[in-house]
Amino acid sequence: MHAIIVTTQGGPEVLEYVECPDPVPGDGEVVVDIAASGVNFIDIYHRSGAYPLPLPAAIGSEGAGTVSAVGAGVRDVAVGDTVAWANVRGSYAEKAVVPADRVVPVPDGVPADLAAATMLQGMTAHYLTHSTHQVKEGDQVLVHAGAGGMGQLLIQLAKLRGAKVYTTVSTGEKEKLAREAGADEVLRYEDFAEALRGTIDVVYDGVGAATFDGGLQTLRPRGLMALYGAASGPVPPLDPQTLNKQGSLFLTRPTLGHYIADRAELLQRASDLFGWIGAGQLAINVSRRYPLADARQAQEDLAARRTTGKLLLIP
């Protein structure tokens, strides 16, 4: 089989398309013939060294496909099942070994590539809007980068829960996409902080350094900053007294792993997402598909914000 690995961390040039032995499942594991793999910023962090990894390392954190082998002790997954997963590295490949308790069943009517595009960003949007802050009717929500894959999902899920959603974008084309996702108001990055000062209940910020300080300014007293990513770079150290001065604000830096560690919670979040897709309440915008061998180009396009929606690798 072929896979993308790194033997040293660095720029996109360190991604290697290599031939590997076909994987064999161990106890409690399954082998999946991958139909599609999602491309995410966490993959860039793994490649670059922002998140150090033991080397050589497999890359890719979500995928979907058909189970082709099961290991000893696997009871709830069978050969031929269509499954999807997130937060298990090694999905930039033609085949992957995944712990059986980390895969979720993909229902009939949801194509495998759409399931792959849903898992990591979809479950992140789910926990942010349903657990980190339980968005409720009438909440004022700010979503940064509303035209991206995460932004479009956050807008839709916040609207499903009755919020008024503001979002930031950089161009007219991206504004159109954010409005199509359901955003009520679309602002540019240079003026959002002043326009929304002191009015927002929760900020969902995956941009990081470039938007963080402005986002704090938009929060009402006791509002919440949910900093879930750092696409523009990491946020510098913060004096906690800043949160006091700006209105007894709350700040959290959540990550998906802590919201799907329990299998029941993993299954519930995935089931909700697939159910909304089936009911036409949630649209997954796959903007580009790349051959597996073009993983470098996919990551370069994502990092440069040359894309909107979700990016997939197809083996």
Side-chain angles (χ1 to χ4, degrees), residues 23 25-32 34 37-46 50-54 57-65 67 70-77 81-93 96-107 110 115-135 149-150 153-154 157-158 161 202 204-206 224-230 234 250-277 282 284 310:
D27 292 355
E29 295 178 334
V30 299
V31 173
V32 182
I34 296 175
S37 308
V39 180
N40 297 284
F41 273 100
I42 193 170
D43 308 334
I44 295 175
Y45 304 153
H46 287 152
Y51 293 179
L53 297 175
I59 297 294
S61 301
E62 76 180 331
V67 175
V70 300
V74 175
R75 296 182 179 86
D76 297 330
V77 184
D81 287 353
T82 301
V83 297
W85 67 93
N87 263 32
V88 178
R89 280 192 301 107
S91 65
Y92 284 18
V97 174
V98 187
D101 66 356
R102 294 289 88 193
V103 301
V104 301
V106 177
V110 177
T118 301
M119 290 298 292
L120 194 148
Q121 291 183 335
M123 289 198 296
T124 298
H126 190 291
Y127 85 71
L128 286 170
T129 56
H130 288 65
S131 300
T132 302
H133 174 85
Q134 294 183 5
V135 175
M150 266 302 306
L153 290 167
L154 280 166
L157 294 193
R161 294 182 69 86
V202 58
Y204 294 121
D205 188 349
L224 171 67
M225 165 66 75
L227 178 68
Y228 68 88
F250 293 89
L251 167 64
T252 183
R253 180 56 176 90
T255 192
L256 175 61
H258 297 136
Y259 287 86
I260 58 170
D262 178 78
R263 179 156 177 77
E265 197 169 14
L266 167 67
L267 291 171
Q268 184 61 60
R269 295 195 195 282
S271 176
D272 285 350
L273 291 165
F274 292 143
W276 292 325
I277 291 169
L282 179 65
I284 307 298
K310 185 69 181 185

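Residues: numbered from 1 along the sequence shown. Keep in mind that this is a model prediction, so the values were computed, not measured.
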Do [X] and [Y] have side chains that get closer than 4.5 Å, going by heavy atoms?
X      : Y      : result
Thr129 : His133 : no
Val110 : Thr82  : no
Phe274 : Pro105 : no
Val83  : Val32  : yes
Leu224 : Thr252 : yes
Met150 : Leu128 : yes

Check [X] against [Y] and note the closest heavy-atom contact, atom names and distance.
X      : Y      : answer
Val88  : Pro99  : CG1-CD, 4.0 Å
Ala158 : Val135 : O-CG1, 4.1 Å
His126 : Asp272 : NE2-OD2, 2.9 Å
Val97  : Pro23  : CG2-CB, 3.3 Å
Ala96  : Trp85  : CB-CZ2, 4.1 Å
Val30  : Ala100 : CG1-CB, 4.1 Å

Problem set entry | Verdict with supporting geometry, Ile284 and Leu153, side-chain contact (heavy atoms from CB on, under 4.5 Å) | CA-CA 8 Å; Ile284 307 298; Leu153 290 167; 3.5 Å; yes
Can you tell me how far the [atom1] atom of [X] sits from the [atom2] atom of [Y], to the nearest 0.5 Å?
X      : Y      : atom1 : atom2 : value
His258 : Thr132 : NE2   : OG1   : 11.5 Å
Met123 : Arg269 : CE    : CZ    : 8.5 Å
Thr118 : Ile277 : OG1   : CD1   : 3.5 Å
Leu266 : Met119 : CG    : CE    : 6.0 Å
Leu53  : Tyr51  : CG    : OH    : 11.0 Å

Among side-chain atoms of [X] and [Y], is any donor-acceptor pair under 3.5 angstrom?
X      : Y      : answer
Thr124 : Tyr259 : no
Arg161 : His130 : yes
Asp43  : Ser61  : yes

Does any N or O in the side chain of [X] come within less than 3.5 Å of the main-chain N or O of [Y], such that one atom is a donor and the other an acceptor?
X      : Y      : value
Ser37  : Ser91  : yes
Asn40  : Ile42  : no
Tyr228 : Thr255 : no
Arg89  : Ala58  : yes

Problem set entry | Candidate pair Val67 and Val31, rule side-chain contact (heavy atoms from CB on, under 4.5 Å), full reasoning | CA-CA 6 Å; Val67 175; Val31 173; over 6 Å; no
Exercise. Is it true that Arg102 and Glu29 have a side-chain N and a carboxylate O under 4.0 angstrom from each other?
Worked result: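 Here Arg102 does not pair with Glu29 in a salt bridge, since their nearest N and O are not under 4.0 Å apart.
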For this session: Under the side-chain contact (heavy atoms from CB on, under 4.5 Å) rule, what do Tyr92 and Ile34 come out as? Steps first, then yes or no, please.
Result: CA-CA 9 Å; Tyr92 284 18; Ile34 296 175; over 6 Å; no
Problem set entry | Within 6.0 angstrom of Asp101 CG, more than 12 heavy atoms from elsewhere | yes
Exercise. Passes side-chain contact (heavy atoms from CB on, under 4.5 Å), Tyr204 versus Leu227? Steps please.
Worked result: CA-CA 6 Å; Tyr204 294 121; Leu227 178 68; over 6 Å; no
Exercise. Does the salt bridge (charged side-chain N to carboxylate O under 4.0 Å, His left out) test come out yes or no for Lys310 and Glu62, once each step is laid out?
Worked result: CA-CA 12 Å; Lys310 185 69 181 185; Glu62 76 180 331; 2.5 Å; yes
